Each structure stands twice: as C-alpha cells, then as structure tokens.
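Before any comments, here is the structure.
When a ligand or atom number is given, it counts from 1 through the structure's own listing order. Bear in mind the structure is a predicted one, so any value in this text is a computation, not a measurement. Residues: numbered from 1 along the sequence shown.
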Amino acid sequence: MATPTQLKSLRKAITFDRPPLCSGAISPPAEGLYLYYGKKNARFIDFSSATPKDLDLLTAACEPATFGRGTEDVYDESYRRAVKMDASSFSVQLDLASLGLIQTIEDQLLQGETENMRIKAELYKLNVYGKDSFFKAHKDTPRGTDMLGSLVIIYPTPHEGGELVLRHKDREWKFDARSLTAFQLSPSFAYIAFYSDIEHEVLKVTSGRRVTITYNLYLVNPTSKPGTSVIAPDPNSISNLQNTLQGFLKSPEFLPSGGTLGFGLTHLYPVTSETKLKETASRLKGEDAHVYQACQQLRLQPLLRMIYEDHQSMRSKEYGIMLDRIVKNPDYDYEESSYEGALVEAMGGVPVNRVEGAAIENSYWVAERGIRGEFITWVSRLNERNKLEDFQTTYGNEYETRYTYCRPCIIVRIPAAIDRV
Ligand SMILES: O=C(O)CCC(=O)C(=O)O
Ligand SMILES: [Fe+2]
C-alpha cells in the first residue's frame, strides 16, 4: 500500500490550472455580423446595427427550443425557455478559421495526445433568448465520439442578464457576453468555447434580446501529422506530477511489492456501445490528458478502464467490477444469474474497490466466489458509477440515442520496487 503521506503528495502534484473553456470578443470584418435567414422570404440582419424590429422578425421566424429528454425532444419551459432556428434555415458569413478563433480554441482545449489533432466547428443552431428566457444547468448532448466541445457566439444586441455560468469540479465561471461587446470600439461578437461535458446554464434574460449561434466542436485527425502540433505541453504542470511520481518510483518504500494506482477522470467522454476505450485515450481532455501523458512519459502504460456498479457486494458503493470495454447489454439469463455475474463470469470483469480503504477481500466476488480481485490505490477519486441506463440518459439539447457519456478511469500497474529501474 502507498502511505497516506505519499498519496497526499501525489494528489497535490496533479495540479492543472488551465480552465476547461476559452472566451473573448472579436471584431470581425463587417460581413461577420450579417445573418440571412428564412427560405422563400429570406431576410437579412446586420448585428452591428440591429433594430428592435429586426429582432422581432427574427424571433417570430424561430420555433420553441426543445431539448432531449430520454429518447425524444420535449419543450419544457421549466427547463429551457428560448426560441431556436435550425442551421438549415439560416446562414452566416463567419469564417472562424480566418478570424483565428479555431486556433485559439485549439490552443486552449487540446492537450496530451489531442495536441496533434485539429478542431472542426459544425454550425448547429441559432437561439434567441428574449425577456425571461433561460436554459437550466445541463451538459451538451454528445453527437459523436469525436465531439469535444461547444462554441457559442453571442451577437452584440442589447440585453441584460443571460450570463452563461459554467461549473467544473468545484469551480465556477460566469461569462457575461454583453459586458464584453458593449464597450468595444468596433462592433464585435463575444464567444465562449468549452468542453461539452461541462455543466452550464444560461441565467434569465431580464431585458432585451440575447441572440446566439452555437457550433458543435469535433476533433479531426489531420492527414499531415508532423509539424502540426499547435501547443507545447505545459512543462511545469506535467513535470510536477511526473517528477513526484518518478520520485516515488525510485523509493523502495512506495508500493514495495507493487500495486495498482487509479485516477478518476474529471471529464465525461462520448461513446457508443461499440467504442473501444483505447480510442477514448486519444481524446482525453484537460487534467485527464495531463495525468495520462505524465504516466506515459514515465513508461507506466496507463490503461483506460470502466468500473461498473456491483450490487452483489454488501457495501455496494465501495466495490465495482472493472472492465476493459464499454458494456451496454450483456447477454445473460437474469433468472439464473445477475448482471454483475455476467460481467465477472462471462466478460472477464475484475472485482475492485471503488474507494480508498475498502479491502478487496470483502468484495462479494472475492469472499464468496473465490474470484481474484484487484486492489486499487486511488490517487484521485473515482467520480461516478457507470450504469447500463447510461445509454438512455438525458442531456441538454436535442436527444441523441447513439451516443452517451461515460467516465472511464486511468489504471496504472506499478511493478514491485526491486523490478523498478
Ligand atoms: O447560449 C448559451 O450561452 C449556451 C446555450 C447552450 O447551452 C446550448 O444551446 O446548449
Ligand atoms: Fe448547452
């Protein structure tokens, strides 16, 4: 076992201060604030000088903004009050790449293995938040396993309220677009890009109209790999965890007979039931990418694993079944066996402890069934359990059944001290 002091310093070493978002204001060429919408009777707005009448007409051309609940789209004013227009009904002349915005987002949101990837922005919706509009806390619906984030562009129309509040771990960011665009010398829009699994909420608009367009951000693998890296890894934060871990590996007192370290991830990842966890390794975000990379650089072979609920063990919060893949519907006879039984007996799942201090010997599978378990020393807490129902979960915008978010963990097997060089 690692001692509490050793664990404490490892935990402290995972310092990752880069926020999971980036934001600002951009003053585009004049046409960057133009909007054409409608089909037969198309209309035009120049957001640098939009009149209340322009905004009335735009609002009237929109539909109520629904969101995904379970397997359908619903309109529920207690959760979201706003109007929307689908991307097929409007067009903008915003070239995000030539404005440098894609590059800025790549610099901030790509880390670790994703540093060599690029970001593609796909126009998604236009929304108008009039007086009393809001959108309660949600995560954005995953629309592909390569979906990384969301980008919101807020036009410079007068409004009060409507701040976007984002929360991740125990931090919170409040983004007030209007205070950014109201005082620019030339007409500007505000933007904010964030990982789509971050919880976010649009506060009530108290006056005026807040007009936004949203994009889904996807990771794309560039064909020409060499020389495409856009950001250097942050050498200070990487070496902090790396150095501390390396120091421990050199010490014969740290896990003298070897052991397994576990890192709970801080982000959620879009998957289908067919996604290989290995693919997710190349899409890790923020702090998760930082931990993975630090282990990789120490040649520790970090592995991504899923830990599923184990209701068979007495204190079920303390135990789980670890698998090297995502499970949707395991094939089993529920009258004869249990879901956990299928995971352990048919799929090679390994009984593990989910929390520090839960002895693996007390797992039902180890105690009663004589199955070999694996004790994990959790460096960072395992955040939430994965359930079969994950595939029917509700997120933010329109429903999408193919993809769901999952939260794997990183497992690192440390050899015995005498085998460490
Ligand atoms: O308008 C915003 O700032 C965010 C909107 C949003 O969260 C969404 O459309 O999913
Ligand atoms: Fe959202």
query = What's the NE2-the Fe ion (ligand 2)-OD1 angle here (His138, Asp140), rounded to 10 degrees?
reply = 90°
query = Side chain, backbone, both or neither: which part of Ile192 has a heavy atom under 4.0 Å from ligand 1?
reply = neither
Where ligand 1 meets [X] - atom numbers and elements under 4.0 angstrom, heavy-atom basis:
X: Arg210; value: 1 (O), 2 (C), 3 (O)
X: Val202; value: 1 (O), 2 (C), 3 (O), 4 (C), 5 (C)
X: Arg80; value: 9 (O)
X: Val152; value: 1 (O), 2 (C), 3 (O), 4 (C)

query = What N/O/S atom of His200 gets nearest to the Fe ion (ligand 2)?
reply = NE2
query = Would Tyr129 count as a contact of ligand 1 if the rule is a heavy atom under 4.0 Å away?
reply = yes
message = Looking at ligand 1, is there an atom of it that comes within less than 4.0 Å of some heavy atom belonging to His138?
response = yes
key: Test of proximity, His200 against ligand 1: N or O pairs below 3.5 Å   = yes
message = Once ring pair (Phe, Tyr, Trp, His ring centres under 6.0 Å) is applied, do any residues pair with Tyr36, and if so which ones, sequence neighbours excluded?
response = Phe44
note = In Arg80, Glu199, His200, the residue satisfying side chain to side chain donor-acceptor pair (under 3.5 Å) with His138 is His200
Centroid separation His267 to Tyr195 less than 6.0 Å = yes
task = Would you please indicate if the ring centroids of Tyr319 and Tyr364 are separated by under 6.0 Å?
result = no
remark   = side-chain contact (heavy atoms from CB on, under 4.5 Å) with Cys62: of Asp86, Val83, Asn127, only one passes, and it is Val83
query = Where do Phe90 and Tyr37 land on the ring pair (Phe, Tyr, Trp, His ring centres under 6.0 Å) test, with the steps shown first?
reply = CA-CA 4 Å; Phe90 70 92; Tyr37 68 94; 8.9 Å; no
ask   = Which of parallel (below 30°), tilted (30 to 60°) and perpendicular (above 60°) describes Tyr339 and Tyr308?
value = perpendicular
